[in-house]
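Note that the structure is a prediction, hence the values are computed from the model and not measured.
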Amino acid sequence: MSTHSKGLLDLHNTEWETQGTERAQGTRNWAAAEEPPAENFDFHFYWTFKDVENLVSAIEAQLLPQRFGPEAINLVGPDSGSFDALIAADSRRIPVIKLAAGADEECQLVAKVLKDNSVTSPVATQVAIEWSSAAVVAKTAGFAVKYQVVGEGDAFTGTASSIVKNSSDSAVAHGRVRTVIDLPVLAQGKLLEITVVHTGTTDDMENDVCVHMIEVI
């Protein structure tokens, strides 16, 4: 039986190449010892595989991404950001992690590597930062993602790798900005120790970066 990779898991039902023809409704009860036409068998096997494949795609896209709100992000160490809240026009308090302008401040999280798709085309893990600032003039925010991949028996205290990216702020006060940083193709199922840093000492941001969510996909 062939194995067909679908990101998070491998499908062990055989991929069927020929779509075939659906048997007409009202004629789908075969008689004993009757051999159904090949095109009807093809149709059944083809769409059974496709339905399972599409179901797994929907689960991976909608249910499995690891999402982290500020309440799930750790703030430790002398360079950590701070918990804060934005006040909405209707007086709601919107929780954020504040990473100060003019400083290198950070937050930490842990995630699992959800995909590598190594059987077919490798797919990299991404860290998506949803953020905003009070600025009404677009500036450039600098981010660094420090990450360490931890497998069975590996030390959590190893050396982290780092990837940097600059991202333009919105010209709307607290307008949503999504900054996506690609990590390399990693081994599926391993743990990721991640630190997200706003490199405020080297960018031109004049307002604090407010992190609303960090997504690992």
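- Between K50 atom NZ and E15 atom CD the span is 6.0 Å, to the nearest 0.5 Å.
- Of the inter-residue distances, the one linking T179 atom OG1 with I129 atom CD1 reads 6.0 Å to the nearest 0.5 angstrom.
- The side-chain contact (heavy atoms from CB on, under 4.5 Å) test applied to D84 returns V96, K98, not counting sequence neighbours.
- Contact detail for D169 and M205: the closest heavy-atom pair is OD2-CE, 3.6 Å.
- The environment of CG in D51 is crowded: more than 12 heavy-atom neighbours from other residues, nucleotides or ligands sit within 6.0 Å.
- A distance of 7.5 Å separates CG in N166 from OG1 in T202, rounded to the nearest 0.5 Å.
- Here the side chain of D204 pairs no donor or acceptor atom with the backbone of K139 at under 3.5 angstrom.
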| query | Given the rule in the side-chain contact (heavy atoms from CB on, under 4.5 Å) test, do K112 and L191 qualify, once you have shown the distances and angles that lead to the verdict? | reply | CA-CA 5 Å; K112 271 200 172 180; L191 284 181; 3.6 Å; yes
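- Heavy atoms of other residues, nucleotides or ligands lying less than 6.0 angstrom from CZ of R93 number 12 at most.
- With D42 contributing its side chain and Q19 its backbone, the two residues share no donor-acceptor pair below 3.5 Å.
- Contact detail for I214 and C107: the closest heavy-atom pair is CD1-SG, 3.8 Å.
- Atom-to-atom distance recorded for W47:CH2 and N54:CG is 7.5 Å, nearest 0.5 angstrom.
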Per-pair distances, 0.1 Å, donor-acceptor, side chain in residues 141-163, under 3.5 Å, sequence neighbours excluded:
from : atom 1 : to   : atom 2 : distance (Å)
Q148 : NE2    : A155 : O      : 2.9
D154 : OD2    : G151 : N      : 2.7

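- Residue pairs meeting the ring pair (Phe, Tyr, Trp, His ring centres under 6.0 Å) criterion with at least one partner in residues 162-200, sequence neighbours excluded, do not occur; the list is empty.
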| Audit row: V216, T125, side-chain contact (heavy atoms from CB on, under 4.5 Å) steps and yes/no | CA-CA 7 Å; V216 180; T125 295; 3.9 Å; yes
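- Looking at heavy atoms from C-beta onward, T21 lies out of side-chain contact with F43 at the 4.5 angstrom threshold.
- Side-chain contacts under 4.5 Å among hydrophobic residues (ILVMFWY), followed directly or transitively, place V180 with no other residue at all.
- Between V127 and L183, some side-chain heavy-atom pair lies under the 4.5 Å cut-off.
- Applying the salt bridge (Lys or Arg N to Asp or Glu O under 4.0 Å) rule to E130 yields the partners R176, R178; only residues at least two apart in sequence or on another chain are considered.
- Closest of all the heavy-atom pairs between L86 and S132 is CD1-OG, 4.2 Å.
- Looking at heavy atoms from C-beta onward, E105 lies out of side-chain contact with D79 at the 4.5 angstrom threshold.
- Tracing side-chain contacts under 4.5 Å through hydrophobic residues (I, L, V, M, F, W, Y), one reaches L75 starting from V196; they form part of the same cluster.
- Considering CG of L99 and OG1 of T199, their distance stands at 10.5 Å, rounded to 0.5 Å.
- The shortest non-hydrogen separation linking A88 to I94 is CB-CD1, 4.1 Å.
- Cluster membership check: I97 does not share its hydrophobic cluster with V197, using side-chain heavy-atom separations under 4.5 Å among Ile, Leu, Val, Met, Phe, Trp and Tyr.
- In summary, the side chains of T201 and D104 do present a donor paired with an acceptor at a separation below 3.5 Å, with no hydrogens or angles considered.
- Minimum heavy-atom separation, S167 to V177: OG-CG1, 3.9 Å.
- Annotation: side-chain contact (heavy atoms from CB on, under 4.5 Å) contacts of A173 (sequence neighbours excluded): V136.
- Shown here for E34 and P36, the closest heavy-atom pair between the two residues is O-CD, 3.3 Å.
- Note that the CD atom of E22 and the OH atom of Y46 stand 14.0 Å from one another [nearest 0.5 Å].
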